[in-house]
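In what follows, every chain begins at residue 1, and chains take the letters A, B, ... in the order their sequences are listed. The shown structure was predicted, so the numbers you read here are calculated from the model rather than taken from an experiment.
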2 protein chains.
Amino acid sequence: MTSTSPQRGRRSASMKDVAARAGVSVKTVSNVINGAAVGAGTRERVQRAIADLGYRPNISARNLRRGRTGILALAVPELDQPYFAELARLIVDAAEEHGYTIIIDQTGGGDRREQYVIDGMGAKLADGVIFSPVAMDRLDIARRVDTTPLVLLGERVSAGPADHVAIDNVAAARTATAHLAGLGRRRIAAIGAQPDHAQGTSRLRETGFRAALEEAGLPVEESLIVPARDYHRRDGAEAAAYLTELEDPPDAVFCFNDTLALGAMRTLHDRGYRIPHDVAVVGFDDIDDGRYNVPSLTTVSPDKAGIARSALRLLLDRIEAIDSPPREVTVRHELRVRESSGMTTRRPYSG
Amino acid sequence: MTSTSPQRGRRSASMKDVAARAGVSVKTVSNVINGAAVGAGTRERVQRAIADLGYRPNISARNLRRGRTGILALAVPELDQPYFAELARLIVDAAEEHGYTIIIDQTGGGDRREQYVIDGMGAKLADGVIFSPVAMDRLDIARRVDTTPLVLLGERVSAGPADHVAIDNVAAARTATAHLAGLGRRRIAAIGAQPDHAQGTSRLRETGFRAALEEAGLPVEESLIVPARDYHRRDGAEAAAYLTELEDPPDAVFCFNDTLALGAMRTLHDRGYRIPHDVAVVGFDDIDDGRYNVPSLTTVSPDKAGIARSALRLLLDRIEAIDSPPREVTVRHELRVRESSGMTTRRPYSG
DNA sequence: CACCGTACTTCCAACGATGTAGTAGTCGAT
DNA sequence: ATCGACTACTACATCGTTGGAAGTACGGTG
């Protein structure tokens, strides 16, 4: 300890200390901890020594030796977006069931941070990465040189360059829009387009939206397709303000996520529109907020637990077998019709 | 590589490989990476070799040698509680600024998982822990044997056994309640009591609530103090249902957090109460949801960024100087008055 | 009684990085 | 030419753990 002592402060007990106290070799301690064959008496002595010293294995050393860390990274734009918060919760829980710990990386949806993620995040910390991209597209992913197992979330890129979990965004958006058309709405707006992103989720939802309008025999009016830079309440509120100022405002709005919808509804309310009477609103994600809002929000409900489970399964499989071909998992979704598009208000809430 | 090869699949480049390619010693590579003095020519050759091989340092090895991991743990009850989601976001960002990565541990507020957290989470993974306790009290913390630096969040325990960041919950609750009394409300209820927890945040808010009633010369009616097991919208909705069924329902409700308030407002709305006309509502936390809700929610707004920054500072200080006495940081808060307790509805939202 | 297998246990090397000490080589002053 | 002081680099030990091989003791077997 004299010449090279990297530790600062009290050094905590190592296997060597445990071994000394129990009067056995270091390897025997290791065997006890890893459940290998050890005599009953020895095992007990070792366990007592472990307890006495408050010994805990040094993860860094173990990982160094084993070549894996037991850590998975979850890279999302923002943790305080309710959708990602709910998803993160499920993924953390699912990872824990498999003995993995989750580290969080927030990209903010920016190019630089997202590139950093697909390049392996600077150091070999995680055994695998679950990544919800915003700025990176299929090409960026395909170009990647880092070999850390990677699972992509939330953007449907068929036959993509990596494992992928998503719902069928086009179909979901079509169903949502068709629902509005089915209510007899004729001027249906969309909030959340992102013209900059050629491949993102927003593009798929827009595609579904347009398809549904055509199927319903409605004209696609470009002025009713409103972009949103971020997907926060504020952006929804601003987009709705724009819509109400149109010469001929819409009688329905399909928002590409729930927070946009909640923000939009706030503005619509402030400007005297009754929901759903004057304007029906549908969102996307089925976050908890929408269920209790007044009016409660009709929304596309993806199977978030299914997404979490599938992402983890794909990732763990790939950690095992790094060279298998990429897989696509499509998780189910359903439309949850609530007050904002039909059920009358002033009725006890249920589900 | 023949006898003991823990790695599976392609082994990625190590310093040794870089050193061989650049024709220098391993230590020189290390020096280049860590910015020590290295000749210009050598440095360039090494950097080219690093780029060619796609070398990234092995964190486990570095951590083993350095005695620290660069990882901090954040232990919260549930990541999808908006308050914790917003806090997690800020803490992850703050940690990143200091070069640390955050791992997430979800305790669910349960004894077992929380005990696990204060016992060091099974292995020395994190250099420090930021912990928002629900079940553990001061005694549990004081009994702790693990030496990992620990910062507690959210519960004001003066002269506690560990570093601590909180707002003045008693004062905040008193202000909120006094605000309702100041509006002329006379039957003020509270939602969110947790009689089981002798020391939690809920107890402090209840204390402030009672104090404010007394100061306002109002009787403390026990039937108007409603417990909530969890702090979800659902619990708020149920508590409000109970209140409306009282013989003499309240004309104001102070909810111990915003999600309780949002759930309660939903029920109140369903049962025909006008907010704030019939019942004024105040929440706690100032989550984004409350700002856009109809009606927008009056709430106690803690300085969350301040909490994140302070927690990180305390933790990093303690990692440096493990034996200094515990410190208490009290972060500022303010009451944000919005529609649910006064501002008229039907007015453009602002702030 | 020598021999063998079984059941534990010990010894040694290795994972990849970094701290310390030591070795060349360079330069300026003497 | 000699020395000292410096710079640039190398060699080696070490962090705590685990894999593999070698060692030991014991009971049974021929």
When rounded to whole Å, the CZ to P distance for the pair A:R66 and D:dG20 reads 13 Å
When rounded to whole Å, the NZ to P distance for the pair B:K16 and D:dA11 reads 13 Å
Ranking D:dG16, C:dC8, D:dT18 by distance to the side chain of A:T42, first place goes to C:dC8
Categorize B:V38 for me: base, sugar-phosphate, or nothing, with a 4.0 angstrom heavy-atom threshold over every strand shown.
sugar-phosphate
- Message: Can you say whether a donor on the side chain of B:R65 sits under 3.5 Å from an acceptor on the base of D:dT14, or the other way round?
- Response: yes
Rounded to whole Å, the CZ-P distance (B:R68 to D:dG16) equals 16 Å
**Message:** For C:dG19, does the base pair up with any side-chain atom of B:K27 as donor and acceptor (N or O, under 3.5 Å, distance only)?
**Reply:** yes
Should B:D93 and B:R89 count as an ion pair when the cut-off is N to O under 4.0 Å? yes
Please determine whether a side-chain nitrogen or oxygen atom of B:R62 lies at a distance below 4.0 Å from atom OP1 or OP2 of C:dT18.
yes
The nucleotide from C:dA17, D:dT10, D:dT18 with an atom nearest the side chain of A:V26 is D:dT18
A:I33 CD1 to D:dT17 P, in whole Å, measures 7 Å
When rounded to whole Å, the CE to C1' distance for the pair B:M15 and C:dA14 reads 17 Å
Rounded to whole Å, the CD1-P distance (A:I50 to D:dG16) equals 16 Å
Checking D:dG16, C:dT10, C:dA17 against the side chain of A:S14 (C-beta onward), the nearest is D:dG16
Output for pair (A:L153 CG, A:I130 CD1), nearest 0.5 Å, gives 6.5 Å
Any A:T28 side-chain N or O less than 4.0 Å from OP1/OP2 of C:dT10: yes
Minimal heavy-atom distance between A:L125 and A:I71, with the atoms involved, is CD2-CD1, 3.7 Å
Winner on side-chain proximity to A:N34, out of D:dT17, D:dT18, C:dG16, is D:dT18
Under 4.0 Å, heavy atoms only, any strand: does B:V29 hit a base, just the sugar-phosphate, or nothing?
nothing
Taken to the nearest whole Å, CD1/A:I59 to P/C:dG16 is 18 Å
Considering only heavy side-chain atoms of B:P57, the closest of D:dT17, C:dT10, C:dA17 is C:dA17
Strictly below 4.0 Å, N to O, side chains only: are B:R113 and B:D105 in salt-bridge contact? yes
Regarding the side chain of B:L64, the nearest nucleotide among C:dT10, D:dG16, C:dT18 is D:dG16
Atom CG of A:N58 and atom P of D:dT18 are separated, to the nearest Å, by 10 Å
The side-chain contact (heavy atoms from CB on, under 4.5 Å) partner of B:I91 among B:L315, B:I102, B:L72, B:V76 is B:I102
Inset, instruction - Ignoring hydrogens and angles, tell me if any N or O in the side chain of B:D127 forms a donor-acceptor pair with the backbone of B:G70 under 3.5 Å. - result: yes
Has A:S25 got a side-chain N or O lying under 4.0 Å from the OP1 or OP2 atom of C:dC11?
-> no
Taking C:dT18, D:dT18, D:dA8 as options, the one with an atom nearest any side-chain atom of B:A37 is D:dA8
